[in-house]
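Side chains included, hydrogens not; waters and symmetry mates left out as well; all remaining heavy atoms used. Since the structure is predicted, the reported quantities are computational estimates derived from the model, not experimental observations.
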Amino acid sequence: MEKQQNDLDRDRQYCELCGKMENLLKCGRCRSSFYCSKEHQKQDWKKHKLVCKEADNKAALLHKQKPGQSEEDKDKTRDTTSPEQPATEAAGDRAGDAGLNTPATPNGQTSSLSPQKLATECIVPCMNKHGICVVDTFLGAETGLSVLDNVKALYKTGRFTDGQLVSQKSDSTKDIRGDKITWIEGSEAGCEKIQFLMSRMDDIIRHCNGKLGNYSINGRTKAMVACYPGNGTGYVRHVDNPNGDGRCVTCIYYLNKDWNAKEHGGLLRIFPEGKAQFADIEPKFDRLLLFWSDRRNPHEVQPAFATRYAITVWYFDADERARAKEKYLTGAGEKGVKVELGKSPDPS
C-alpha cells in the first residue's frame, strides 16, 4: 500500500490550480493532492472538496503527542484539519481547513532507481499524463560536477556561437534567444562526461520506448550545450517542433549549482496546450527535464542574471522523422544530427 501511495504521489506532484511543480505542499486532509500555496488551495477548494477525503482514523488527524515525542516532532506532523470542524461550504469554503503542511519534491524520481524502473515507474506515467516530467539527482553530485567541468572547459575554448532559429536567420535572432550554443557528438576530446550523460539519457529513452504516447523512437540529435551568460538574456515563448520535423521528446539536463530563481531568474516556463496554468521549472543542478517537443508545450526561458548551463537532446519519432525528410525539413536546426540509439552518429 505504501508503494502504491508513493507512486500516486509522484504522479500528482503539481499544483492542482496552476500546474507549478516547484516547492509544493500536500493537502493535509487527503494527502494526495498538491498546491503551491494555501491561496491556490483555497481557490481550488470548491472543486477539490468533491474528491478530498479525511483519513479514516480521525484520531490520527489530531496528531496526539506520543510518549517520548518532542513538541517539535509533534509540530512537524500537525495539520489544520479538525474532525469536528471539516471544511464545508457553510464554513465559507476555506481550503485552509484541509491543511497544507507537507513539503513535496518535484514530480519524478532520483538516481537511486535503476534506469528501467525510473523509466517505467516515473517517466512513462508522468509523461503520458502531464507531458512533462522532472527527475532530480539524475547522475549524482560527483558525476554531475564532472559534466559541469566538461562544459565549463568547452565554453572557455570559444566554440560557442549565438543560438540560431530553425525557421529563420535574421538580425532579430538575439531579440528572440540570447544563449550561446555548441553541438556535441560526445566523442570529442574533453567531452567524456558529456558523452556519459548522453548515454544515460539514451538508456532512459530505450526503456521508455513503445510506452511514450504512440511514438517509436529510433534516434536523436547531437547534444546542444547552451549557456546564457547571465546578462538578463532569455528565450521568448516558442515551440521546439512546430512543424512536424520528427522531434517528439525534449530532454534537458541542468548544471547550475546553488541556483536561486528569485535572485538569478532563468526559469523555464512551460504553457501546456489547452490549460490555463503553466509550469515553472528551476534549472537546478543535476536535474533532468523531459517534455513533448511539439505544440503541446510552448515554453520560454525567462531572463537569467547568472551564468546558466544546460544540455539538450531531442529524440526522434521514426515515422514523423521519415515524413519530415521527404519534405526536406532540417530537423533540430542545421547542426542537428540524427544518432541511432547506441550507435555512432549518422548525419541526416
J.: Are the side chain of His238 and the backbone N or O of His299 linked by a donor-acceptor pair below 3.5 Å?
T.: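 Yes; judged by distance alone, with no hydrogens or angles, the pair exists.
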
J.: Report yes or no: does Asp317 contribute a side-chain atom to a donor-acceptor pair with the main-chain N or O of Cys248 at less than 3.5 Å?
T.: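 Looks like no, no N/O pair under 3.5 Å.
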
J.: Check whether Leu268 and Phe305 end up in the same hydrophobic cluster, where Ile, Leu, Val, Met, Phe, Trp and Tyr are linked by side-chain heavy atoms less than 4.5 Å apart.
T.: no

J.: So do Met224 and Val313 actually touch side chain to side chain, heavy atoms under 4.5 Å?
T.: no

J.: Determine, using the 4.5 Å side-chain heavy-atom cutoff (strictly less than), whether Leu113 and Phe196 are members of one ILVMFWY cluster.
T.: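 Yes; tracing contacts between hydrophobic side chains, which count when under 4.5 Å, links both residues.
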
J.: If you compare all heavy atoms of Gly144 against all heavy atoms of Leu139, which two are closest, and at what distance to 0.1 Å?
T.: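 Answer, listing the atom of Gly144 first, then Leu139: N-CB, 4.3 Å.
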
J.: Just to verify, what does Asn231 make a side chain to side chain contact (heavy atoms under 4.5 Å, CB included) with, not counting sequence neighbours?
T.: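 Checked Asn231 against side chain to side chain contact (heavy atoms under 4.5 Å, CB included); matches are Pro229, Thr233.
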
J.: I need the minimum non-hydrogen distance between Met127 and Leu212, along with the two atoms involved.
T.: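 Closest approach of Met127 to Leu212, heavy atoms only: CB-CD2, 3.8 Å.
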
J.: How close do Asn209 and Tyr215 get, counting heavy atoms only, and between which atoms?
T.: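 Asn209 and Tyr215 have their closest heavy atoms at OD1-O, 4.0 Å.
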
J.: Please round to the nearest 0.5 Å and tell me the distance separating atom OG1 of Thr307 and atom CG of Asn256.
T.: 9.0 Å

J.: If I take atom OG1 from residue Thr143 and atom CZ from residue Phe138, how far apart are they, to the nearest 0.5 angstrom?
T.: 10.5 Å

J.: Could you go step by step and tell me if Ser216 and Asp319 meet the side chain to side chain contact (heavy atoms under 4.5 Å, CB included) rule?
T.: CA-CA 8 Å; Ser216 175; Asp319 290 342; 6.0 Å; no

J.: Going hydrophobic residue to hydrophobic residue with side-chain gaps under 4.5 angstrom, can you get from Val239 over to Tyr315?
T.: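 Different clusters: Val239 never reaches Tyr315 through Ile, Leu, Val, Met, Phe, Trp or Tyr contacts under 4.5 Å.
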
J.: Which residues satisfy the side chain to side chain donor-acceptor pair (under 3.5 Å) test with His207, sequence neighbours excluded?
T.: none

J.: Between Ile311 and Met201, which heavy-atom pair has the shortest distance, and what is it?
T.: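 So the two residues come closest at O-CE, 4.1 Å.
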
J.: Without swapping roles, check the side chain of Arg296 against the backbone of Glu273 for a donor-acceptor pair under 3.5 Å.
T.: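 Here the side-chain-to-backbone pair does not exist.
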
J.: Donor-acceptor check, side chain of Glu188 to backbone of Gly186, threshold 3.5 angstrom: yes or no?
T.: yes

J.: Does Cys133 reach the side chain of Leu289, with side-chain heavy atoms less than 4.5 Å apart?
T.: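 Result no, sub-4.5 Å side-chain heavy-atom pair not found.
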
J.: Between Phe160 and Leu154, is a side chain to side chain contact (heavy atoms under 4.5 Å, CB included) present by the stated rule, with each step listed?
T.: CA-CA 8 Å; Phe160 285 60; Leu154 190 63; 3.8 Å; yes

J.: What's the shortest heavy-atom distance between Ala261 and Leu267, and which atoms?
T.: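 Heavy atoms only, the tightest pair is CB-CD2, 3.8 Å.
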
J.: Measuring from atom CG of Leu145 to atom NZ of Lys193, what distance do you get when rounded to the nearest 0.5 angstrom?
T.: 11.5 Å

J.: Could you grab the distance from atom OG1 of Thr161 to atom CG of Asp179, nearest 0.5 Å is fine?
T.: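 So the OG1 of Thr161 and the CG of Asp179 are separated by 9.0 Å.
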
J.: Show the nearest heavy-atom pair for residues Gly232 and Pro303, with the distance to one decimal.
T.: O-CB, 3.2 Å

J.: Are side-chain heavy atoms of Arg200 and Pro115 found at a separation under 4.5 Å?
T.: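 The answer is yes; the side chains approach within 4.5 Å.
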
J.: So do the side chains of Cys251 and Ile205 get within less than 4.5 Å of each other, counting heavy atoms only?
T.: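 The answer is no; the side chains never approach within 4.5 Å.
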
J.: Assess the residue pair Asp149 and Lys152 against the criterion (salt bridge (charged side-chain N to carboxylate O under 4.0 Å, His left out)); give the C-alpha distance rounded to whole Å, side-chain angles, the decisive distance to 0.1 Å, and a yes or no.
T.: CA-CA 5 Å; Asp149 287 342; Lys152 286 183 175 179; 5.7 Å; no

J.: Looking at Asp136 and Lys284, does any basic side-chain N land under 4.0 Å from a carboxylate oxygen?
T.: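 No, Asp136 and Lys284 are not salt-bridged.
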
J.: I'd like to know whether Thr221 forms a side chain to side chain contact (heavy atoms under 4.5 Å, CB included) with Trp183, so could you lay out the CA-CA distance, the side-chain angles of the two residues, the decisive distance to 0.1 Å, and finally the verdict.
T.: CA-CA 9 Å; Thr221 65; Trp183 293 91; 4.2 Å; yes

J.: Counting N and O atoms only, with roles assigned by atom type, does the side chain of Arg269 sit under 3.5 Å from a partner on the main chain of Val301, one being a donor and the other an acceptor?
T.: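 Looks like no, no N/O pair under 3.5 Å.
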
J.: Measure the spacing between CH2 of Trp314 and CG of Asp240 and express it to the nearest 0.5 Å.
T.: 5.5 Å

J.: Quick one: does any side-chain atom of Arg308 pair with a main-chain N or O of Gly266 as donor and acceptor, under 3.5 Å?
T.: yes

J.: Roughly how far, to the nearest 0.5 Å, is CG of Asp280 from CD of Gln302?
T.: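 Rounded to the nearest 0.5 Å, the CD-CG separation comes to 6.0 Å.
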
J.: Does the Asn150 side chain pair with the main chain of Gly190, one donor and one acceptor, at a distance under 3.5 Å?
T.: yes

J.: For the side chain of Asp44 and the backbone of His40, is there at least one donor-acceptor N/O pair under 3.5 Å apart?
T.: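 Not a single qualifying donor-acceptor pair exists.
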
J.: Determine which pairs satisfy ring pair (Phe, Tyr, Trp, His ring centres under 6.0 Å) with at least one residue from residues 247-276, sequence neighbours left out, and list them in order.
T.: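 Listed once each, the pairs are Trp259-His264.
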
